[in-house]
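Inspection log for the structure reproduced underneath, given as structure tokens.
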Amino acid sequence: MLNSYLNRYFSQTIVDRILEKKNVINKEDIITLLSTKNPSKKNKIFNEACRIKEKYVSNKIYLRGLIEFSNICQKNCLYCGIRSGNKSIYRYELSDKEIIKLAIIAWQNKYGSIIIQSGERSDKYFIYRIDRLLKEIKKNTNYEIGITLCCGEQTEETYRRWFESGAHRYLLRIETSNKNLYNKIHPNDEVHSYNRRIKALSNIKKTGYQTGTGVMIGLPFQTLNDLANDLLFIKEFDIDMVGMGPYIEHKNTPLFKYKRLLMSNEERFNLTLLMIAILRIIMKDINIAATTALQTINIIGREKGIKAGANVIMPNITPTKYRNRYLLYDNKPYLDENNSKYKNYLYTQIETNGNGIAYGEWGDPKHYFNRIELQL
Ligand code: 5AD
Ligand code: SF4
């Protein structure tokens with residue numbers, strides 16, 4: 001008996017042993033998993049993540065039609081191509097009519113949900129405009145389309161106003177859970193404060209939104225310890241939805257000067273896949289997106305993200321004429337993802353991998369309902 005136990009113990013790798021621990025995976029374990037380089041060990045991690053995905057959230061892939069409706073931003077994050085300090089880009093704003101038309105197209109194409117994303121603004125015109133748009137979109141889609149907002153830090157009152165007008169999910173990336181690193185990649189002032197961001201994320205959750213966050217992977221100065229802490233932060237905060245992607249440098253940003261400190265694109269890509277898989281293992285019932293930044297490094301990056309445990313993709317339905325103006329980072333793809341030829345290709349890829357696209361479903365994160373139930 002003891003012999004067979006010892007035989008089994010010594011034939012297992014450390015990755016096997018961590019994966020068997022399931023709920024008690026700690027920071028050291030996460031760092032070990034993130035350091036995995038061997039392809040067959042990595043596959044074990046991805047397979048375990050997919051097994052958990054299938055068991056807890058099914059193998060359905062949910063679609064969110066992404067509308068990048070304006071690149072006007074009052075902030076000046078040191079890594080982002082649409083920061084207010086970048087004077088070399090044209091600023092745009094889609095009209096209400098254009099946005100509502102895109103929402104209707106998403107609804108007719110059975111996307112289930114849309115994401116309305118823009119740079120951050122806190123002026124009255126912007127707040128009332130979003131409010132009006134939410135109501136109009138709901139009315140024009142027979143109250144059937146789900147709406148996620150991704151419009152940055154706002155007051156608690158604004159979050160509540162938008163929630164009451166029809167948005168039920170909100171994404172606000174923490175970018176990094178390491179306060180020192182956060183300060184290094186943002187200007188040092190009140191509007192770019194780490195504490196303010198945490199407060200905003202708490203207010204989003206408190207308002208009742210399905211709450212999403214995320215981080216960038218492969219930032220200059222970032223360590224595996226930071227990334228392990230990011231995953232633990234997401235778990236501790238009891239987040240419902242996550243979008244994480246590789247950091248990709250943009251030449252017209254201050255952070256570009258640290259390019260020589262960066263890992264290769266391939267390393268950032270592989271690390272992102274591991275982050276997705278480990279997150280799925282430690283937070284079984286959340287929604288995890290395979291992001292555009294993954295696709296930027298590898299043309300089938302999002303499909304690989306799904307094979308690592310993600311269950312959401314966000315086809316970009318912003319008209320292509322605006323697409324080259326929402327360049328958060330270099331080489332962001334311009335593809336018209338509502339184009340039927342491209343859409344069929346992407347969906348066939350996903351379906352041949354044993355996952356099914358959930359057409360016309362909101363695809364709410366199961367975690368949200370599980371955590372609400374626990375609070376009652
Ligand atoms: N590389 C990767 N992601 C970026 N974002 C902004 N700039 C970059 C970049 N250079 C991400 C941030 C932000 C989201 C809208 O885009 O995480 O929250
Ligand atoms: Fe604005 Fe967001 Fe870019 Fe920061 S990351 S500059 S808030 S769009």
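Hydrogens, waters and symmetry mates are skipped; everything else that's a heavy atom, side chains included, is used. When a ligand or atom number is given, it counts from 1 through the structure's own listing order. Quick caveat: nothing in here was measured; it's all calculated off a predicted structure.
Residue contacts with ligand 1, taken as heavy atom pairs separated by less than 4.0 Å, do not involve Ala293 at all. The part of Pro246 lying near ligand 1 is the backbone, judged by heavy-atom distances below 4.0 Å. In Glu249, neither the side chain nor the backbone holds a heavy atom less than 4.0 Å from any atom of ligand 1.
Close N/O approach between Tyr247 and ligand 1 is not found [any backbone or side-chain N/O within under 3.5 Å]. For Gly81, no nitrogen or oxygen atom sits less than 3.5 Å from a nitrogen or oxygen atom of ligand 1, counting backbone and side chain alike. At under 3.5 Å, a nitrogen or oxygen of Glu175, whether backbone or side chain, sits near a nitrogen or oxygen of ligand 1.
At a threshold of 4.0 Å, the pair Arg169-Asp364 counts as salt-bridged, since one of the basic side-chain nitrogens sits closer than that to a carboxylate oxygen. By the 4.0 Å N-to-carboxylate-O rule, Lys44 lies too far from Glu48 to be salt-bridged with it. Asp240 has no carboxylate O lying under 4.0 Å from a charged side-chain N of Lys205, or vice versa, which leaves the two without a salt bridge.
Counting protein heavy atoms only, atom 11 (C) of ligand 1 is closest to Arg173 NH1, 3.7 Å. Atom 10 (N) of ligand 1 has Ile248 O, 2.7 Å as its closest protein atom, hydrogens excluded (heavy atom only). Of the protein's heavy atoms, Tyr79 CD1, 3.3 Å lies nearest to atom 7 (N) of ligand 1. What sits closest to atom 16 (O) of ligand 1 on the protein, heavy atoms only, is Leu328 CD1, 3.4 Å.
Each of the atoms 15 (C) of ligand 1 lies under 4.0 Å from some heavy atom of Gln117. Residue Cys80 approaches ligand 1 through these ligand atoms, each under 4.0 Å from one of its heavy atoms: 7 (N).
Judged purely by distance below 3.5 Å, without hydrogens or angles, the side chains of His192 and Asp189 pair a donor atom with an acceptor atom.
At distances below 3.5 Å, not a single donor-acceptor pair connects side-chain atoms of Thr253 with backbone N or O atoms of Gly81. In this structure, Asp16 contributes its side chain and Thr13 its backbone to a donor-acceptor pair below 3.5 Å. A donor-acceptor contact shorter than 3.5 Å is absent between the side chain of Arg197 and the backbone of Glu153.
For the pair Gly214 and ligand 1, no heavy-atom separation below 4.0 Å is found.
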task: Please step through side chain to side chain donor-acceptor pair (under 3.5 Å) for the pair Asn225 and Thr223, ending with a clear verdict.
output: CA-CA 5 Å; Asn225 189 56; Thr223 63; 4.8 Å; no
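In this pair, Tyr79 and His186 present their aromatic rings perpendicular. The plane angle is above 60°, beyond the 30 to 60° band.
Every side-chain hydrogen bond (donor to acceptor under 3.5 Å, both in side chains) that Lys135 has, sequence neighbours left out, goes to Asp131. Not a single ring pair (Phe, Tyr, Trp, His ring centres under 6.0 Å) links Phe256 to another residue, sequence neighbours left out. With sequence neighbours excluded, the residues that form a ring pair (Phe, Tyr, Trp, His ring centres under 6.0 Å) with Tyr159 are Tyr170.
The environment of CZ in Phe163 is crowded: more than 12 heavy-atom neighbours from other residues, nucleotides or ligands sit within 6.0 Å.
For atom 4 (Fe) of ligand 2, the count of nearby protein N/O/S atoms, taking only those under 2.8 Å, is 1.
In the candidate list His250, Met216, Glu120, Met216 is nearest to atom 4 (C) of ligand 1, counting heavy atoms.
Under the 4.0 angstrom criterion, atom 3 (Fe) of ligand 2 counts as having a protein heavy-atom contact.
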